[in-house]
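Positions are given from 1, in the same order as the sequence printed here. These numbers were taken from a predicted model, which means no experiment stands behind them.
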Amino acid sequence: MSKYTKEDIIRITKEEKVSFINLQFTDIMGTLKSVCITVSQLEKALDNKCMFDGSSIDGFVRIEESDMQLHPDLDSFVILPWDCESGKTARLICDVYNSDGTPFEGDPRYVLRRAIKRAADMGFDCYVGPECEFFLFHLDDHGKATTETYDMGGYFDLGPVDRGEGCRKEICLCLEEMGFEIEASHHENATAQHEIDFKYDEILRTADNVMTFKYVVKNLANQHNLYATFMPKPIYGICGSGMHINISLFKDGKNVFCNEADNVGLSDIAYNFIAGVMHHIKAITILTNPIVNSYKRLVPGYEAPVYIAWSAKNRSPLIRIPTARGTGTRIELRNPDPAANPYLAMAAVLQAGLDGVEKSMLPPAPKDSNIFDLSAEERKAAGIHSLPKTLREATKEFSASEFAKEAMGAHIHKKYIEAKQEEWREYSTRVSQWEIDKYLGKY
């Protein structure tokens with residue numbers, strides 16, 4: 001049942017004296033975009049008559065087919081809870097449509113909707129809970145981001161050692177005002193690193209919430225003269241930021257991953273789902289870990305997973321089964337990072353898991369010892385493979401995968417490969433500070 005009607009939204013904007021509406025959508029690379037309209041244009045937007053130039057968005061359409069439509073999701077309506085001198089602003093998250101009224105296959109939200117339909121056709125509802133980490137750094141005198149911080153905190157530390165505590169608390173209150181249920185927030189392991197956890201929800205709503213979360217975090221940080229970054233590994237030698245994805249399937253209101261008679265409490269469907277994710281993970285790593293910097297986080301020694309294995313007893317493998325059972329039974333995928341486009345990453349994980357369920361795939365035995373302590377020979381003997389080590393390697397896996405092409409659709413599969421090949425070319429031809437420090441005085 002819908003939360004809002006068109007009439008509800010028009011009435012609320014009048015009562016709350018809203019002046020502007022941000023019609024938000026997300027591009028293929030996971031960047032939040034917006035068309036801002038005045039409240040006088042709201043009724044037109046709610047009738048799906050707001051057009052925009054899709055050729056101006058990377059990875060969307062060519063200039064000769066540029067007209068696209070924004071179809072607002074009425075249930076995403078919310079008033080932004082920070083002051084604006086020019087009047088209150090509300091937002092609506094939109095689906096992107098072609099000018100002929102058909103869904104645009106390059107819209108990441110549409111890709112996730114396709115995955116949700118596949119699950120629904122199999123009788124499942126999918127729920128996801130993300131764990132979003134980020135860093136808070138200082139701005140320089142020109143308002144540009146730095147990696148400087150006065151923060152001295154570590155895991156679960158409090159102020160005044162945790163210098164970002166006040167900003168983090170304000171973010172939590174702002175999110176709650178926007179309808180989030182905040183379960184916990186704390187300083188993370190690395191200096192200046194933070195985590196705010198919000199309650200799991202239906203998978204599409206969770207992907208929307210991740211985009212909203214990032215938007216709020218960046219805006220509130222800026223108000224504190226700080227810069228919030230979701231870059232996975234901004235500083236060498238410390239832990240990077242992850243976005244663990246906790247995922248479960250429900251049928252008729254019951255968690256179908258749970259089987260109390262099993263020795264670890266998992267059902268056959270859960271095992272099939274785990275196997276599907278493990279089978280396809282190399283092909284979809286580019287979606288869960290989408291940028292060059294992502295692979296600076298996926299290295300041994302910094303808590304992020306590197307090896308394709310699963311366990312209900314330790315945190316070193318790719319997949320962990322948290323201790324909660326019953327309604328809380330879930331699979332925690334630990335490699336995704338917050339640079340990921342949540343719509344594409346979650347669609348890929350769901351599609352991979354469902355493929356495992358459809359084909360009754362079975363995972364290997366769990367690896368309950370610390371995989372990082374094993375030698376290369378021991379990992380090889382145990383059949384433990386590694387995630388792609390670079391964006392280039394991940395791009396090759398994605399490019400060669402028919403599963404990935406089907407899951408993402410031909411448009412996004414092609415555009416994503418082109419973008420990531422160009423990103424790798426740019427990176428590989430740049431001269432880094434490490435090279436200057438290493439070679440300039442030596443040769």
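Nearest heavy atoms, P290 versus E423: O-OE1, 4.1 Å. Counting all heavy atoms, side chain and backbone alike, L318 lies closest to I281 at CD2-CG1, 3.8 Å. Between V357 and I269, the closest heavy-atom pair is CG2-O, 3.8 Å. What you find for D75 and Y4 is that their closest heavy atoms are OD1-N, 3.1 Å. Closest heavy-atom contact between S248 and T329: CB-O, 3.4 Å. Summarising the geometry of L374 relative to R379, their closest heavy-atom pair is O-NH1, 2.7 Å, with the distance given to 0.1 Å.
With no hydrogens or angles considered, a side-chain donor-acceptor pair links N98 and T102 at under 3.5 Å. Defined by atom type and a distance below 3.5 Å, a donor-acceptor pair is missing between the side-chain atoms of Q69 and N48. Using modelled atom types and a 3.5 Å distance limit, the side chains of N209 and T206 yield no donor-acceptor pair. For the residue pair T212 / R91, a side-chain donor-acceptor distance below 3.5 Å is found, with atom types taken as modelled. In this model, no donor atom of one side chain and acceptor atom of the other lie less than 3.5 Å apart for N255 and T327. Inspection of the H194 and E188 side chains reveals no N or O donor paired with an N or O acceptor under 3.5 Å. Counting only N and O atoms by type, the side chains of H187 and E195 include no donor and acceptor under 3.5 Å apart.
Atoms CD1 and CD, on I196 and E131 in that order, are 13.0 Å from each other to the nearest 0.5 Å. In this structure, CE on M408 lies 12.0 Å from CD1 on I417, to the nearest 0.5 angstrom. Taking CG from L226 and CG from L220, the interatomic distance works out to 10.5 Å, rounded to the nearest 0.5 Å. Put simply, CG on N289 and NZ on K296 are 14.0 Å apart, with the number rounded to the nearest 0.5 Å. Taken to the nearest 0.5 Å, the CG atom of L287 stands 11.0 Å off from the CD1 atom of I28. To the nearest 0.5 Å, the span separating CD1 on I171 from SG on C167 amounts to 4.0 Å.
Taking the side chain as every heavy atom from C-beta outward, L204 and Y343 approach each other to under 4.5 Å. Side chains of P338 and C132 form no contact here, defined as non-hydrogen atoms less than 4.5 Å apart. Between L350 and F273 the shortest side-chain heavy-atom distance falls below 4.5 Å. With contacts defined as side-chain heavy-atom distances shorter than 4.5 Å, the pair W310/Y271 qualifies. Within the 4.5 Å cutoff, the side chain of L249 has no heavy atoms near those of the D125 side chain. Counting heavy atoms from C-beta on, the side chains of S311 and I321 never come closer than 4.5 Å. At least one side-chain heavy atom of I93 sits less than 4.5 Å from a side-chain heavy atom of R109. Using a 4.5 Å heavy-atom threshold, the side chains of K282 and I308 count as touching.
Using a 4.0 Å cut-off between charged side-chain N and carboxylate O, R205 and D73 make a salt bridge. Between E332 and R334 there is a salt bridge, with a side-chain nitrogen of the basic residue lying less than 4.0 Å from a carboxylate oxygen of the acidic one. Note on R11 versus E7: no salt bridge recorded, every NZ/NE/NH1/NH2 to OD/OE distance being 4.0 Å or above. The existence of a salt bridge linking R113 and D107 is excluded, since no basic side-chain nitrogen approaches an acidic carboxylate oxygen closer than 4.0 Å. Between D121 and R118, none of the side-chain N atoms (NZ, or NE/NH1/NH2) sits under 4.0 Å from a carboxylate O, so this pair counts as no salt bridge. By the 4.0 Å N-to-carboxylate-O rule, R325 lies too far from E260 to be salt-bridged with it.
Side-chain rings of F124 and F250 stay apart, their centers remaining 6.0 Å or farther from each other. For Y227 and F137, the ring centers are positioned 6.0 Å apart or more. Between F198 and F213, a ring centre-to-centre spacing shorter than 6.0 Å is recorded. In summary, the aromatic rings of Y295 and W424 are positioned with their centroids too far apart to meet the 6.0 Å limit.
Checked against V277 for a side-chain contact (heavy atoms from CB on, under 4.5 Å), the options N272, V349, I245 give a single hit: V349.
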Check: What do the steps show when you test D47 against K44 for salt bridge (charged side-chain N to carboxylate O under 4.0 Å, His left out), and what is the final call?
Finding: CA-CA 5 Å; D47 287 335; K44 176 182 174 182; over 6 Å; no
Item checked: From CA spacing to verdict: side-chain contact (heavy atoms from CB on, under 4.5 Å), I182, D197 -> CA-CA 6 Å; I182 303 300; D197 298 324; over 6 Å; no
Next item on the list: Any chance you could lay out the side-chain contact (heavy atoms from CB on, under 4.5 Å) test for H385 and Y307, step after step, and finish with the verdict?
Entry: CA-CA 6 Å; H385 299 278; Y307 304 111; over 6 Å; no
Next item on the list: Walk me through it: do L387 and V306 pass the test side-chain contact (heavy atoms from CB on, under 4.5 Å)?
Entry: CA-CA 6 Å; L387 293 171; V306 177; 5.6 Å; no
Note to self: As a quick check of understanding, evaluate side-chain hydrogen bond (donor to acceptor under 3.5 Å, both in side chains) for Q351 and H280, giving each step before the final call.
What the structure shows: CA-CA 9 Å; Q351 292 273 23; H280 292 297; over 6 Å; no
Next item on the list: Could you go through the side-chain contact (heavy atoms from CB on, under 4.5 Å) check for D8 and T5 one step at a time?
Entry: CA-CA 5 Å; D8 289 334; T5 65; 3.1 Å; yes
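Between Y97 and H71, the angle of the ring planes stays under 30°, which puts this pair in the parallel group of the 30/60° scheme.
In the displayed structure, K6 atom NZ is contacted under 6.0 Å by more than 12 heavy atoms of other residues, nucleotides or ligands.
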Acceptor/donor pairs from residues 396-407 side chains to any protein atom, 3.5 angstrom cut, sequence neighbours excluded:
unit_1 : atom_1 : unit_2 : atom_2 : d
S401   : OG     : F403   : N      : 3.3
S401   : OG     : A404   : N      : 2.9

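A distance-only check finds a donor-acceptor pair linking the side chain of S267 to the backbone of V256 [under 3.5 Å]. Using a distance-only test at 3.5 Å, with no hydrogens or angles considered, no donor-acceptor pair links the side chain of D337 to the main chain of G242. No donor-acceptor pair under 3.5 Å is formed between the side chain of T31 and the backbone N or O of D27. Within the 3.5 Å criterion, the main-chain N or O of C36 finds no donor-acceptor partner in the side chain of N22. Looking at N222, its side chain never comes within 3.5 Å of a backbone N or O of K218 through a donor-acceptor pair. In this structure, R168 contributes its side chain and G166 its backbone to no donor-acceptor pair below 3.5 Å. In this structure, N259 contributes its side chain and A261 its backbone to a donor-acceptor pair below 3.5 Å. R297 places a side-chain N or O within donor-acceptor distance of the main-chain N or O of N335, the cut-off being under 3.5 Å. The main-chain N or O of L173 is never found under 3.5 Å from a side-chain atom of E177 such that the two would form a donor-acceptor pair. Q193 places a side-chain N or O within 3.5 Å of a backbone atom of A190 that can act as its donor or acceptor partner.
With F230 as the aromatic partner, K214 meets the cation-pi criteria of under 6.0 angstrom to the ring centre and within 45 degrees of the ring axis. For K420 and Y416, the positive end sits near the middle of the six-membered ring, less than 6.0 Å away and at most 45° from its axis.
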